[in-house]
A.B. asks: 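The structure under discussion is supplied below as structure tokens; questions concerning it will follow.
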Number of protein chains: 2
Amino acid sequence: MKIASEKTIERLSLYRRLLRVAKGAGQMSVYSHDLAEMVRGTAAQVRRDLMEIGCAGNSKKGYDVDNLIDAISEFLDSDDVTPVALVGVGNLGRALLQFFESHHPKLKIVAVFDNDPEKSGRVIHGCRCYGMSEMPVVVAGKKITVAVLAVPVGAAQNAAKQLEEAGVRGILNFAPEPLRVGPSVAVENMDMTMALEKVAYMARQNNSKENGAK
Amino acid sequence: MKIASEKTIERLSLYRRLLRVAKGAGQMSVYSHDLAEMVRGTAAQVRRDLMEIGCAGNSKKGYDVDNLIDAISEFLDSDDVTPVALVGVGNLGRALLQFFESHHPKLKIVAVFDNDPEKSGRVIHGCRCYGMSEMPVVVAGKKITVAVLAVPVGAAQNAAKQLEEAGVRGILNFAPEPLRVGPSVAVENMDMTMALEKVAYMARQNNSKENGAK
DNA sequence: AAATAACCGTGATTCTTTTCACGTGAGATA
DNA sequence: TATCTCACGTGAAAAGAATCACGGTTATTT
Ligand SMILES: NC(=O)c1ccc[n+]([C@@H]2O[C@H](COP(=O)([O-])OP(=O)(O)OC[C@H]3O[C@@H](n4cnc5c(N)ncnc54)[C@H](O)[C@@H]3O)[C@@H](O)[C@H]2O)c1
Ligand SMILES: NC(=O)c1ccc[n+]([C@@H]2O[C@H](COP(=O)([O-])OP(=O)(O)OC[C@H]3O[C@@H](n4cnc5c(N)ncnc54)[C@H](O)[C@@H]3O)[C@@H](O)[C@H]2O)c1
């Protein structure tokens, strides 16, 4: 399968979600400009993204919603459910566990890890919690390749290392700290502190634009 | 003050955080390549970013850590503490509330809103919870311009509208749904579903790269 | 059946962001 | 003091992403 740019992948994920709600509302087909409007982008870009995954519409009815969803799914998803590990079951970890429990058909959290001995062995939201030392065998046993990392800052780098060694190839990192891992591990950072600082900055720009300051 | 690209702003936020830990470890100065290594970028880019905010180092000792932190802070932060609102105090909202309570000197959540009458009037993590109808007066009264949005999908667009009307100029949105707001409101999406799909995709790429499939 | 209109597919273009690479200057070395 | 080294500052080149714009196709209208 061809490879697409990260930006395109992000947008495809978005398109699919919006297409699903459109489908739920009974819509059978969409135009590129409809999709564009939904994601606040341009029609040309939508068409380009869809072209990347070799997806054709026709000129009078646009794209068939079902087709599109299937095409995007074939591109983004693996054929079977992808097992995911969660590391760190604190406030955020628990929220995430519950959130992903329901929201995704193809991504399933199948194991959680925590170094708190209180938690080891317990079942949280239907997931057995393992100690960190059990990671290699559990990860290998369940063929886990993707992990969500929600441990405190100081512990993130180390946990990432352990995950890498256990065979994980993609980490969604919530700790506000860049991870050092080998080139065969993809890391995506969800840095909320950064995000909030950014909106605060931009809000201030907007504000002073309004209030006179040229 | 000059305007910088969003990417630059993101990196500045990251630099500052890493500089603070370096400072905590007693380091007095850094070279551009040190910073670059920390953020997994290039030295040239670090220098360019710092140039943007008019920040000079000298050739033998690099950049002074204290100076840099101050320069970035002057650029990113407002002079006084920026008051922030949180809308939606569910699982995620509570975690965020607790998280930001401690972690940031210049951004402070000063009010939370929820439409659950159970929560109205209660104090959660030191924050008074208001009903949605009280938003206009509270936001105006506390001069809030930035909000964190953590309500369920169906409610996000509406809440965003209310925030906009109340005077908010920047929204950090956790609902997996693009918001339609006017051009004077900056929106930053924290779309975890998208992020997880993305790492899963990339992990799969990495995996098949390793296992033969050219 | 010809004309019209709307929208897709995509080469070419423009705009943005990143990287290169080299002149400069400050301290170390001899 | 002269030279050497190393990192900064930055114009120029390269790479990457978004937009433009137009030919082609398909349904509808006259
Ligand atoms: N809470 C939030 O809303 C929020 C927001 C943004 C970022 N974060 C980040 O997410 C991470 C987790 O936040 P949280 O609020 O859930 O923290 P938390 O303290 O509530 O939970 C951390 C969990 O990790 C476990 N843990 C600690 N050290 C560990 C280790 N070495 N190995 C394995 N597990 C370990 C703890 O037992 C605990 O269960 C932190 O890095 C935090 O900065 C949290
Ligand atoms: N929980 C997670 O880890 C997680 C992860 C990613 C994204 N999200 C998103 O964040 C949002 C919140 O998630 P959550 O898990 O905290 O949900 P939740 O159901 O636990 O909390 C939602 C809160 O919003 C309040 N609310 C509902 N309708 C409202 C309205 N119209 N106006 C004001 N408040 C209203 C509810 O009373 C509740 O307190 C959702 O959009 C979810 O998709 C959550």
Side-chain angles (χ1 to χ4, degrees), chain A residues 2-15 19 22 27-72 75 178 194 198 201-202 205, chain B residues 2-15 19 22 27-69 71-72 75 178 183 186 189 194 198 201-202 205:
Chain A
K2 257 267 295 305
I3 200 153
S5 88
E6 290 196 19
K7 295 290 186 88
T8 297
I9 291 167
E10 292 176 9
R11 283 189 300 259
L12 286 172
S13 165
L14 239 186
Y15 297 155
L19 285 166
Q27 212 172 328
M28 301 307 300
S29 59
V30 285
Y31 295 124
S32 55
H33 57 82
D34 295 330
L35 262 179
E37 206 218 339
M38 293 193 238
V39 303
R40 315 200 79 55
T42 70
Q45 182 162 69
V46 170
R47 291 202 299 272
R48 220 170 246 299
D49 287 335
L50 297 180
M51 207 178 69
E52 293 248 334
I53 62 171
C55 195
N58 73 46
S59 56
K60 207 51 190 189
K61 294 186 325 209
Y63 299 88
D64 181 78
V65 170
D66 284 323
N67 269 359
L68 254 195
I69 292 175
D70 289 350
I72 296 176
F75 183 82
M194 197 200 74
K198 187 175 162 190
Y201 175 87
M202 286 159 67
Q205 299 282 338
Chain B
K2 254 267 293 305
I3 202 153
S5 89
E6 290 195 20
K7 295 290 187 87
T8 298
I9 291 166
E10 292 176 9
R11 284 189 298 261
L12 286 172
S13 165
L14 239 187
Y15 298 154
L19 285 166
Q27 212 173 328
M28 301 307 298
S29 60
V30 286
Y31 295 123
S32 55
H33 57 82
D34 296 331
L35 261 180
E37 206 218 340
M38 294 192 236
V39 303
R40 316 200 77 56
T42 69
Q45 182 162 67
V46 171
R47 291 202 299 272
R48 225 176 240 296
D49 287 336
L50 297 180
M51 208 180 66
E52 292 249 335
I53 63 171
C55 195
N58 72 49
S59 57
K60 207 52 192 187
K61 294 185 324 208
Y63 299 88
D64 181 78
V65 171
D66 283 323
N67 270 358
L68 256 195
I69 293 175
I72 296 176
F75 183 82
N189 292 303
M194 197 199 74
K198 186 174 163 190
Y201 174 87
M202 287 159 68
Q205 299 283 337

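Just so we're on the same page: letters track the sequence lines, and every chain starts at 1. Scope of the values below: all heavy atoms of this structure, side chains included, with no hydrogens, waters or symmetry mates.
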A.B. asks: Rounded to the nearest Å, what distance is computed from the CG atom of residue A:L50 to the C1' atom of nucleotide C:dC8?
C.D. replies: 11 Å
A.B. asks: Roughly how many Å is it from CD1 in A:I53 to P in C:dT10, rounded to a whole number?
C.D. replies: 13 Å
A.B. asks: In Å, rounded to the nearest 0.5 Å, how long is the span from NZ of B:K61 to CE of B:M28?
C.D. replies: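 B:K61 NZ to B:M28 CE: 8.5 Å, rounded to 0.5 Å.
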A.B. asks: Counting primed atoms plus P, OP1 and OP2 as sugar-phosphate and everything else as base, spell out the protein contacts along nucleotides 10-22 of chain D at 4.0 Å heavy-atom distance: B, S or - for each nucleotide, 5' to 3'.
C.D. replies: BBB-----SB-B-
A.B. asks: Take atom NZ of A:K61 and atom P of C:dG9, then tell me their distance rounded to the nearest Å.
C.D. replies: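 After rounding, the reported distance stands at 13 Å.
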A.B. asks: Reckon B:A43 touches a base, only the sugar-phosphate, or nothing at all at heavy-atom distances under 4.0 Å?
C.D. replies: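 Contact class for B:A43: none.
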A.B. asks: About how many Å separate CZ of A:F75 and CG of A:L50, when rounded to the nearest 0.5 Å?
C.D. replies: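 Output value for this atom pair is 11.0 Å.
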A.B. asks: Could you list all N or O pairs between the protein and nucleotides 26-30 of chain C that sit under 3.5 Å apart?
C.D. replies:
{"residue": "C:dA26", "atom": "O4'", "partner": "B:S59", "partner atom": "OG", "Å": "3.3"}

A.B. asks: Mind calculating the distance between CG (B:D34) and P (D:dC6) to the nearest angstrom?
C.D. replies: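 Result: 15 Å.
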A.B. asks: As an exercise, state the distance from CG of A:L12 to CG of A:L68, rounded to the nearest 0.5 Å.
C.D. replies: 9.5 Å
A.B. asks: Compare side-chain N and O positions of A:Y31 against OP1 and OP2 of C:dA5 and report whether any pair is under 4.0 Å apart.
C.D. replies: no
A.B. asks: B:Y31 side chain to B:K60 main-chain N or O, any donor-acceptor pair under 3.5 Å?
C.D. replies: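 Checking the backbone N and O of B:K60 against the side chain of B:Y31, a donor-acceptor pair under 3.5 Å is found.
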A.B. asks: Return the polar atom pairs (N/O with N/O) between nucleotides 2-4 of chain D and the protein under 3.5 Å, or none.
C.D. replies:
none

A.B. asks: Could you tell me the separation between the NE2 atom of B:H33 and the C1' atom of C:dT19, rounded to a whole number of Å?
C.D. replies: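 To the nearest whole Å, that distance equals 17 Å.
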A.B. asks: Kindly write out the residues that satisfy side chain to side chain donor-acceptor pair (under 3.5 Å) with A:Q45, not counting sequence neighbours, or none if the list is empty.
C.D. replies: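 Here no residue qualifies.
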A.B. asks: Mind checking the CD1-CG spacing from B:I72 to B:D49? Nearest 0.5 Å is all I need.
C.D. replies: 9.0 Å
A.B. asks: Starting from the C-alpha separation in whole Å, work towards a yes-or-no answer on side-chain contact (heavy atoms from CB on, under 4.5 Å) for B:E52 and B:R48.
C.D. replies: CA-CA 6 Å; B:E52 292 249 335; B:R48 225 176 240 296; 5.6 Å; no
A.B. asks: Sequence neighbours excluded, which residues qualify as salt bridge (charged side-chain N to carboxylate O under 4.0 Å, His left out) partners of A:D70?
C.D. replies: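 By the salt bridge (charged side-chain N to carboxylate O under 4.0 Å, His left out) rule, A:D70 matches no residue at all.
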A.B. asks: Which residues pass the salt bridge (charged side-chain N to carboxylate O under 4.0 Å, His left out) test with B:D34, sequence neighbours left out?
C.D. replies: none
A.B. asks: According to a strict under-4.0 Å criterion, is A:S32 in side-chain N/O contact with OP1 or OP2 of C:dC8?
C.D. replies: yes
A.B. asks: Look up atom CZ in A:R47 and atom OH in A:Y63, then write down how far apart they are to the nearest 0.5 Å.
C.D. replies: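 One finds 6.5 Å between CZ of A:R47 and OH of A:Y63.
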